[in-house]
Colleague: 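Sending over a structure as structure tokens; questions will come in a sec.
Being a predicted model, the structure only gives us computed values, none of them experimental. Side-chain atoms are counted along with the backbone in the values below, which use heavy atoms only and exclude waters and symmetry mates. Each chain gets a letter, A, B and so on, in the order its sequence line appears, and its residues count up from 1.
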Amino acid sequence: MNALNQIFAITLMNLRSLPARFGSSMVIVVGIAGVVAVLIALLSMAKGFEATLKGVGDPSRVVVLRGGSTDEMSSGISNQQARLIENKPGVMRSESGSLAAGETYVIADIPKRGNDSPANMPLRGVEAKSFEVRDEVTIVSGRALEFGRYELIAGVKAANQFQGLDVGNHIPLRGVDWEVVGLFSTGGTIHESEAWVDNSLLVANLNRGGGYTSMVVKLESPLDFDQFEQALENDPQLESNPIRETTYYSEQSVQMTSLIETFGYGVGVVMAIGAIFAALNTMYSAVSTRGVEIATLRALGFGPAPVVISVMVEALVLAFIGGAIGAGLAYLFFNGYTASTMGGTFSQVSFDFAVTPELIVRGITWSLLLGLVGGLIPSVSAARTPVTVALRGM
Amino acid sequence: MADNLIKIDRVSKTYERGEMQIPVLSELSLDIARGEFLALMGPSGSGKTTLLNLIGGLDKPTSGAITVGSERIDQLSQSALAKWRSRNVGFVFQFYNLLPVLTAQKNVELPLLLTSLSGSERRKRALAALAIVGLSDRAGHRPNELSGGQEQRVAIARAIVSDPTLLVCDEPTGDLDRATADEILDLLRLLNSEHGKTIVMVTHDPKAADHANHSLHLDKGKLVSEDAAA
């Protein structure tokens, strides 16, 4: 009780004297706020990117690529192979037949909005069944594709990102003039960065002679994957690589996510070192300006532990304030901010920065660690200075 | 034979600065009677503040024994010494050493935070101590709202609030004008004569020393003379 009283009394006194030391205290707060804001912003970028790719989530859907291919760009599936694939066991059936759609994935040069620099937009040829297999697709503006016509529907993020993707516009892509008839949403996944057209028209225009780059297949249940995979493997006419859709996109996100996270932590660590010095400097000056006060308390009989703890608490309070401000700034300025980067297939992927509660907790924990390190050395040093020496410090 | 409160027996104190040994007190012996008001005088560097710090338990001797009451304080650990100080010694410093963010009453209450007294009891005792030093009407003022003499009175109230046997005063009037200094010295004398406090005071000022019962002169770490005063 006695020790608690001492800690409480000295801590309260330190905190109450903060307004008198506003300027030097702000060095810690601002330094740590900057570190946390940058760290959270960078990590929210990784989080958003990961969520965009990992969010393509139906474990009962399978992307079938050519054997040896790991992405749609380097894959190819013939019409004949497609018919074999859609009839394998495990594939869900509806009134219109097997829920398997052949798709063609290419990239198209198109200028970005805001500047005229050309960028790679993913262009996907789809079939009517694509909309049955991908039942999360909803038209949010305009109307759906009419097959057999040179029409295009654009994902909402692609429409935000690229010039000319407005309903009613005509846009030249891969040598053909396409009419933008609608915008679609898929609940925030990577497909919103794409534009979709009739696969048969796209393929004809590409002079590919038919076929697809991949198949997307809906299984009866996620548990049917092994059976489906085995059936593909056992078919001597097929050399294919079936991957669960969730796995396919999350694997594509791994490299970029880890790059952003490594970069984020790299920048965070460099800034954190700076912030630690700011915190050390501030706490040293806070302790040295109150060196005589601390010595007086110790002369009166207060122990060194309350002195250490009270200085630590002060550093932690300042660090927490800095962390909270940094997290708040990151949330205000970056949460939901849309950016784009190269995806695994060298096409633009648009994603929203996601400042999640987990990232905020991580940022504030980071700030408290900085406060701990910044406060520990000055406080221990204040407690270890002999009282008689510290009393002469005035 | 006088009832000695403090017995200093062949005490030496040497400071180390790097490789260098700096002797400050050497083989000093001294008895201070209970109820004494003693002034320690001497030139700068004579060791008077060091001796005061040893008597007040702020520092420990390099060799020799210091007994205050029945306690060999030179043998106490730092934490035991801190506890001993809080119960037995009141400190008065030249620059008052009040905490600027606290009111006079809260400053006086500080030593009582080391006791198990309730908040209301602490407040009551702090106000009683402020009454003794004549500052009841300044209890809610912060140090920057008080004059130097008033600040030193608050510091004296803080020194006596836990009713210690011993007051150690380091140049208590060194920062005050003559008239204010005399008031403070009169107050110390009152605490000595009316409240029975044993006071050891370091001063450069012979007029301040005149308020004490005895003066001891130190030079180069040794006692050189003793005067009976007042």
Colleague: By a 4.5 Å heavy-atom criterion (distance strictly below it), what part of F8(A) contacts chain B: side chain, backbone, both, or neither?
Modeller: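 Neither; nothing under 4.5 Å.
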
Colleague: So for atom CZ, which belongs to R113(A), do other residues, nucleotides or ligands contribute more than 12 heavy atoms lying within a distance under 6.0 Å?
Modeller: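 Enclosed.
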
Colleague: Side chain, backbone, both or neither: which part of R158(B) has an atom under 4.5 Å from a heavy atom of chain A?
Modeller: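 For R158(B), the side chain is the part near chain A, not the backbone.
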
Colleague: Could you tell me which of L102(B), N53(B), L99(B) has the largest number of non-hydrogen atom pairs under 4.5 Å with chain A?
Modeller: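 Greatest number of close heavy-atom pairs with chain A: L99(B).
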
Colleague: Name the residue from R125(B), H195(B), R87(B), K197(B) that meets the side-chain hydrogen bond (donor to acceptor under 3.5 Å, both in side chains) definition with D163(B).
Modeller: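 With D163(B) as partner, side-chain hydrogen bond (donor to acceptor under 3.5 Å, both in side chains) holds for just one option, K197(B).
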
Colleague: So for atom CZ, which belongs to R384(A), do other residues, nucleotides or ligands contribute more than 12 heavy atoms lying within a distance under 6.0 Å?
Modeller: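 No, because the 6.0 Å sphere around CZ of R384(A) holds 12 heavy atoms or fewer from other groups.
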
Colleague: Please check if any side-chain donor atom of D59(B) sits under 3.5 Å from a side-chain acceptor atom of Y15(B), or the reverse.
Modeller: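 Side-chain D/A pair, D59(B) to Y15(B): present.
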
